[in-house]
Amino acid sequence: MPPRVRNLDEVDQTVMVPWDATSAEQARAELRASLADQRVADGTLDEAVQVISELVANAVQHAGPMPGDVLRVHWTLRKGVVEVDVTDGGSDSTPQPVRITPWQTRGRGLRIVRAYAHEWGYLDQPNGARTVWAALGGPSRRRTR
């Protein structure tokens, strides 16, 4: 879906990607192109790309797909704040950073998200879907867990 541009500093875009680990690459590329067109600061752009990659990877690893075996990847740019989110088919587990040890080879995704994001959270929807979101470059307008 093409980006919806509200004014020169606002973008609202959604893409559907397959529920597959390789979809993180597609999400990164689309997000980078969209935000680069809006001249988002390099640091915020790089952090948003890393965060969306982690959120897609977590959705594939820990949750089920939405109908059609897809994930919904969405981002907005408003007044310099980038909000990214990934909606999946839901999970029995709760998104939370795990305690890591030096020997772990996995489990750092939400710690990376937490390190880059001004704030992050998730929203469980009545249909069982879950959206995990993060705001970069400033506070979000959302208020969830």
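In this structure, Val84 and Leu136 have side chains that are in contact, with non-hydrogen atoms separated by less than 4.5 Å. By the 4.5 Å heavy-atom criterion applied to side chains, Ser53 and Glu25 are not counted as neighbours. Side-chain contact between Thr76 and His74 is present, with at least one heavy-atom pair separated by less than 4.5 Å. Between Thr14 and Arg72 there is a side-chain heavy-atom pair separated by less than 4.5 Å.
Of all heavy-atom pairs between Ala48 and Leu35, the closest is CB-CD1, 4.1 Å. When every heavy atom of Ala134 is checked against every heavy atom of Val51, the shortest pair comes out as CB-CG1, 3.8 Å. Among all heavy-atom pairs drawn from Trp133 and Tyr122, the shortest one is NE1-N, 3.6 Å. Val73 and Ala27 make their closest contact through CG1-CB, 4.2 Å (heavy atoms, listed as atom of the first residue, atom of the second, distance). Smallest separation of non-hydrogen atoms from Trp75 and Glu30: CZ2-O, 3.7 Å.
The backbone N or O of Leu31 sits nowhere less than 3.5 Å from a side-chain atom of Ser34 that would complete a donor-acceptor pair. Side-chain atoms of Trp19 come within 3.5 Å of backbone N or O of Ala63 as a donor-acceptor pair. For the pair Thr131 (side chain) and Thr87 (backbone), a donor-acceptor distance under 3.5 Å is absent.
Residues that satisfy the side-chain contact (heavy atoms from CB on, under 4.5 Å) test with Asn127, not counting sequence neighbours, are Gln125, Ala129. Considering only residues two or more places apart in sequence or on other chains, Arg32 meets the side-chain contact (heavy atoms from CB on, under 4.5 Å) condition with Leu45, Asp46, Val49.
Summarising the geometry, atom NE2 belonging to His118 is positioned 12.0 Å from atom OG1 belonging to Thr44; distances are rounded to the nearest 0.5 Å. Rounding to the nearest 0.5 Å places CG of Leu77 at 12.0 Å from CZ of Arg39.
For the pair Asp88 and Arg130, the salt-bridge criterion is not met [side-chain N within less than 4.0 Å of a carboxylate O]. No salt bridge links Arg78 with Asp12; every basic N to acidic carboxylate O contact stays at or beyond 4.0 Å.
Each of Val15, Asp20, Val60, Leu55 was scored for a side chain to side chain contact (heavy atoms under 4.5 Å, CB included) with Leu71, with one residue passing: Val60.
Under a hydrophobic-cluster definition in which Ile, Leu, Val, Met, Phe, Trp and Tyr are linked whenever side-chain heavy atoms come within less than 4.5 Å, directly or via other members, Met66 and Ile52 are assigned to different clusters. The hydrophobic clustering, which links ILVMFWY residues whose side-chain heavy atoms are closer than 4.5 Å, places Ile112 and Val86 together.
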Q: Please test Val17 against Val70 for side chain to side chain contact (heavy atoms under 4.5 Å, CB included), starting from the C-alpha separation and ending with a verdict.
A: CA-CA 5 Å; Val17 298; Val70 296; over 6 Å; no
